[in-house]
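Below is one structure; the comments refer to it alone.
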There are 2 protein chains.
Amino acid sequence: MFSIGTLAKRTGTKVQTIRYYEQIGLMPEPGRTDGGQRRYGDVELDRLSFIRHSRQLGFSLGAIRELLDLSDSPERSCAQVDAVAQKQLREVEARIARLEALRVELRRMISECNAERVADCRILEVLRDHEGCLSDHQQPTP
Amino acid sequence: MFSIGTLAKRTGTKVQTIRYYEQIGLMPEPGRTDGGQRRYGDVELDRLSFIRHSRQLGFSLGAIRELLDLSDSPERSCAQVDAVAQKQLREVEARIARLEALRVELRRMISECNAERVADCRILEVLRDHEGCLSDHQQPTP
DNA sequence: TATACGATCTACAGCAACTGTAGGTTCAAG
DNA sequence: CTTGAACCTACAGTTGCTGTAGATCGTATA
């Protein structure tokens, strides 16, 4: 049995983040000492490790909740798990594509600017102009 | 002179977003009709276009504020503008690198799973394990 | 056993960058 | 002059945490 601080250190999580996960029902309510401090065991350590590792892979808390629910029914088909992972992969790939387009435009913008004064700066001009825009009326990357 | 709705349509912005930009001081307080409705001109249209285009390129509102301030002093050196753009480029490149690592790991994870039952699912196993992790105790992509 | 002090507790505010809602008012076309 | 779409303010909600204040707890050391 160990404290929230120890759990935090072992998983590379902030103490507040663990309490937050508990609050939103992602982590279970743990046992308490007589004084009211949380005490954890290896089950909680594993669960939190799973959550953190999934977060590192970019999964949303919603997706992680789904994965945790699925892993609780070991006899079910793993097609659903696969679907969650596939969706995440597609999202990651979409973000990469978007960022690569940004990179191209930023590089071009920067390389075109050889000005001295702000007045002649191509960067600001490009930013002002909507010509050659990636695409109009699109959401910025989140 | 046109309404906030017209400005919104012309720049692909939501009406509330424009009011939000005004609230945080990114857009100026415009003139009003006798009834109290906002009226805009071409100056505001240009400024909002600049903001939206910059957002599309991934600049934060803070960075945009900086760029707008810089563009107000046309005689200054454009080195600072360049620095802001360079920083943004580096951030974009860092995000791409991170996402590409995620893509590799997600692909590997998915391809390794040929199980039927959740109990044997490699995806969940990989997520549970910290072995072969990208890196421990690292922040998830924002 | 007493004390000190770091760790933990709750509760709430705040971050980015918006988006949505409720309840009321104004503008412009017909 | 009516109607209804567009506008107004004010505030709550989103995601995933992070930080703060002020009080309490736990344990190592004297």
Side-chain angles (χ1 to χ4, degrees), chain A residues 1-27 29-40 44 48 50-68 88 91 95 98 137-142, chain B residues 1-27 29-40 44 48 50-68 88 91 95 98 137-142:
Chain A
M1 292 303 227
F2 39 84
S3 72
I4 196 169
T6 306
L7 181 62
K9 241 169 244 158
R10 289 210 205 159
T11 55
T13 314
K14 299 237 159 135
V15 166
Q16 293 107 302
T17 305
I18 298 173
R19 288 200 280 249
Y20 168 72
Y21 287 162
E22 183 184 324
Q23 201 186 305
I24 61 168
L26 210 57
M27 285 293 285
E29 289 187 20
R32 302 269 184 155
T33 62
D34 291 349
Q37 299 195 354
R38 292 166 178 83
R39 283 303 113 112
Y40 296 95
E44 288 87 1
L48 185 54
F50 182 96
I51 295 170
R52 295 310 291 178
H53 196 188
S54 303
R55 285 293 296 141
Q56 281 168 16
L57 285 169
F59 288 92
S60 71
L61 294 184
I64 293 169
R65 204 186 292 269
E66 222 177 311
L67 290 170
L68 283 166
Q88 180 59 20
E91 271 165 27
R95 272 202 252 169
R98 174 104 184 95
H137 304 177
Q138 189 177 335
Q139 295 290 78
T141 8
Chain B
M1 291 302 229
F2 39 83
S3 72
I4 196 170
T6 306
L7 180 62
K9 240 168 247 162
R10 289 211 205 159
T11 55
T13 314
K14 298 235 158 136
V15 166
Q16 293 106 303
T17 304
I18 298 173
R19 289 199 280 247
Y20 168 71
Y21 286 162
E22 182 184 325
Q23 201 186 305
I24 62 168
L26 209 56
M27 285 293 285
E29 288 188 20
R32 301 268 185 156
T33 61
D34 290 349
Q37 299 197 353
R38 291 168 178 81
R39 283 302 113 113
Y40 296 95
E44 287 88 0
L48 185 54
F50 182 95
I51 295 171
R52 294 311 291 179
H53 196 188
S54 302
R55 285 293 295 138
Q56 281 169 18
L57 284 170
F59 288 92
S60 70
L61 293 184
I64 293 169
R65 205 187 292 269
E66 222 177 312
L67 289 171
L68 282 166
Q88 178 60 19
E91 271 165 27
R95 272 199 253 167
R98 175 106 184 93
H137 304 177
Q138 190 177 335
Q139 296 290 77
T141 6

- Message: Return whichever of A:R19 or A:T33 has its heavy-atom-nearest nucleotide of DNA chain D closer to the 5' end.
- Response: A:R19

- Closest nucleotide of DNA chain D for A:G35 versus for B:V15: which of these residues is on the 5' side? B:V15

Distance check needed: [N] [atom2] versus [X] [atom1], whole Å only.
X	N	atom1	atom2	value
B:Q16	D:dC7	CD	P	11 Å
A:R39	D:dG26	CZ	C1'	8 Å
A:K14	D:dG19	NZ	C1'	9 Å
B:D34	C:dT25	CG	P	17 Å
A:E22	D:dG16	CD	P	18 Å
B:R32	D:dC8	CZ	P	6 Å
A:I18	C:dA7	CD1	P	14 Å
B:Y40	D:dA6	OH	C1'	14 Å

Look at the side-chain N and O atoms of [X] and state whether any lies under 4.0 Å from the OP1 or OP2 oxygen of [N].
X	N	value
B:Y21	C:dA17	no
B:S3	D:dA6	no
A:R55	D:dT15	no
B:T17	C:dC18	no

- Given side chains that start at C-beta, do those of B:Y21 and B:L61 come closer than 4.5 Å, heavy atoms only? yes

- Item | Residue closer to the 5' end of DNA chain C, A:Q37 versus B:Y20 (nearest nucleotide) | A:Q37

- When we call it a touch if two heavy atoms are under 4.0 Å apart, what does A:R38 touch: a base, just sugar-phosphate, or nothing? sugar-phosphate

- Task: For B:I24, report the nucleic acid contact type (base, sugar-phosphate, nothing); a contact means any heavy atom under 4.0 Å.
- Result: nothing

- Of all heavy-atom pairs linking B:L57 and B:Q88, the shortest is O-NE2, 3.3 Å

- Query: Among the nucleotides D:dC17, C:dC18, D:dC7, which one has an atom lying closest to any side-chain atom of B:L61?
  - Reply: C:dC18

- State plainly whether the residues A:R38 and A:E29 are in salt-bridge range, i.e. N to O under 4.0 Å. no

- When rounded to the nearest 0.5 Å, the distance separating CZ of A:R19 from CD1 of A:I24 is 14.5 Å

- Task: Assess the side chains of B:R10 and B:Y40: does a donor N or O sit below 3.5 Å from an acceptor N or O?
- Result: no

